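Every chain is numbered from 1 and lettered A, B, ... according to where its sequence line falls, protein lines coming before strand lines. Bear in mind the structure is a predicted one, so any value in this text is a computation, not a measurement.
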Amino acid sequence: MRPANPEFLPDPALDRGEMEDLQFEVADAADWTDAFDFDPANVSLGTEASLTGERPLVAGVDQAFLGEEAVSAIVLMRGGEVVERVHAVTDLDIPYIPGLLSFREGGPIVAAFEQLSSDPDLVVFDGSGRIHFRQAGLATHLGVVFDVPSVGVAKNLLCGRTAEDVDGRPEGWRTDVVADSSVENAAPEDRIGHAYQSRQYDSEPIINPLYVSPGHRVSVPTATELVSRLCGGYKLPEPTREADAYADEAKGEYA
DNA sequence: GCGACAG
DNA sequence: ATCTTGTCGC
């Protein structure tokens, strides 16, 4: 799979101001409505007979690191079954800077996408989408570059505030993540994502919620709906877990 | 100046 | 993200 919109590719050689300008452009190009052609009801890990049609191809993307090199892994799944796994090893050009993650990991991820033989219907990224200072997090930036429906799943909140306290919530619970003054291109009370409790035990330990946000071509409620359908018995969605495990596996072969 | 900050 | 042993519990 190759970039549909190469003009938005995250170039690590840009200076900080240029990176931020590109992020504003990416946010303007992003579509946060449900602009995809599959039925969310067909996104599932099982093989229920209730499914109405072909189950969409879902990609999980994750990275592992070895010094100044990144291993980007993509695992393609259909109805809970892994159908393809690819990875790429590339040099890292810049350090991790909050808000500029796509410029550090974008290159490696694009390299991995080029190895993919089929195009996914939905991509799940490890990181934020709209929950970002310029609403152009990793999931949004790469979703726009490939013009593919995408969602961002983060383990921590980058910016914005949750509408309610998130501590000790039951499985399935969710609340809005609302834009605060740090989100430069959002209206004060814009809902930019959800805190979603994908897993919780009856007793200890207390599990923190996931922070889900639209990447591209997906709305806030649908992003969380899709993620909930991709979570099995664990906190993280299955495509993400598969990509994480594969990235570690591939990393081991290069170490 | 102070605090906050995905992976 | 990564560096890491043992340990508690289903």
Side-chain angles (χ1 to χ4, degrees), chain A residues 10 12 16 19-20 23 26-27 30 60-74 87 89-110 112 123-143 150-162 166 171 177-184 186 192-196 198-216 223-224 227 232-237 240-241 243-252 254-255:
Chain A
R16 187 179 186 119
M19 290 180 178
E20 295 177 350
Q23 291 182 325
V26 165
V61 183
D62 193 32
Q63 285 74 238
F65 304 89
L66 346 64
E68 287 304 283
E69 290 188 314
V71 177
S72 284
I74 302 177
H87 74 273
V89 180
T90 65
D91 291 327
L92 287 166
D93 299 310
I94 60 174
Y96 165 69
I97 299 170
L100 300 179
L101 185 65
S102 63
F103 291 89
R104 171 175 166 81
E105 304 187 351
I109 292 172
V110 169
V123 182
V124 180
F125 288 98
D126 61 315
S128 292
R130 278 188 76 177
I131 298 179
H132 178 274
F133 308 122
R134 289 160 294 281
Q135 297 188 81
L138 183 72
T140 300
H141 200 147
L142 292 170
S150 65
V151 299
V153 176
K155 304 180 205 65
N156 294 290
L157 188 60
L158 175 62
C159 61
R161 45 164 267 267
T162 56
V166 303
E171 209 163 288
V177 169
V178 178
D180 58 18
S181 62
S182 74
V183 183
E184 305 174 50
I192 57 178
H194 277 154
Y196 171 62
S198 58
R199 180 82 167 118
Q200 192 60 279
Y201 296 126
D202 294 323
S203 56
E204 300 175 12
I206 290 178
I207 298 181
N208 297 318
L210 249 28
Y211 293 94
V212 180
S213 58
H216 182 45
T224 301
V227 168
Y234 302 89
K235 171 174 176 171
L236 294 171
T240 300
R241 299 185 70 246
D244 181 75
Y246 182 50
D248 280 340
E249 182 183 323
K251 171 184 173 178
Y254 285 78

**Nearest-Å distance for atom pair CG/P, residues Leu66(A) and dT2(C)** = 9 Å
**Asked** Whole-Å distance between dG7(B) P and Leu157(A) CG?
**Response** 10 Å
**Asked** Just wondering, do Thr240(A) and Tyr234(A) contact through their side chains at under 4.5 Å, heavy atoms?
**Response** no
**Fill in**
When rounded to whole Å, the NE2 to P distance for the pair His141(A) and dA6(B) reads 19 Å
**Asked** Closest approach of Thr140(A) and Ala30(A), non-hydrogen atoms and distance?
**Response** CG2-CB, 3.8 Å
**Prompt:** OP1, OP2 of dA1(C) versus side-chain N and O of Lys251(A): anything below 4.0 Å?
**Reply:** no
**Asked** Using a cut-off of 4.0 Å on non-hydrogen atoms, how would the nucleic acid contact of Leu100(A) be classed: base, sugar-phosphate, or nothing?
**Response** base
**Message:** Is there a side-chain contact between Leu210(A) and Lys235(A) in this structure, where contact means two heavy atoms from C-beta onward sitting under 4.5 Å apart?
**Reply:** yes
**Asked** Starting at CD of Glu68(A) and ending at C1' of dA1(C), how long is that distance when rounded to a whole Å?
**Response** 12 Å
**Item:** Protein-nucleotide distance (Phe103(A), atom CZ; dA6(B), atom C1'), rounded to Å
**Value:** 14 Å
**Message:** Categorize Phe65(A) for me: base, sugar-phosphate, or nothing, with a 4.0 angstrom heavy-atom threshold over every strand shown.
**Reply:** sugar-phosphate
**Message:** Using whole Å, what does the distance between atom P of nucleotide dT2(C) and atom CG of Asp62(A) come to?
**Reply:** 8 Å
**Request:** Calculate the interatomic distance between Glu105(A) atom CD and dA6(B) atom C1'; express it in whole Å.
**Result:** 9 Å
**Message:** Using OP1 and OP2 only, check whether a side-chain N or O of Tyr96(A) sits under 4.0 Å from dA6(B).
**Reply:** yes
**Request:** For residues Glu68(A) and Asp91(A), determine if any side-chain heavy atom of one lies less than 4.5 Å from a side-chain heavy atom of the other.
**Result:** no
**Request:** Determine the contact category for Gly99(A): base if any of its heavy atoms lies under 4.0 Å from a base atom, sugar-phosphate if only primed atoms, P, OP1 or OP2 are that close, otherwise nothing.
**Result:** base
**Prompt:** What distance separates Ser213(A) OG from His132(A) NE2, expressed to the nearest 0.5 Å?
**Reply:** 10.0 Å
**Asked** How long is the line joining CG of Leu92(A) and C1' of dT2(C), in whole Å?
**Response** 13 Å
**Message:** Is Asn156(A) close enough to dC5(B) that one of its side-chain N or O atoms is under 4.0 Å from OP1 or OP2 there?
**Reply:** no
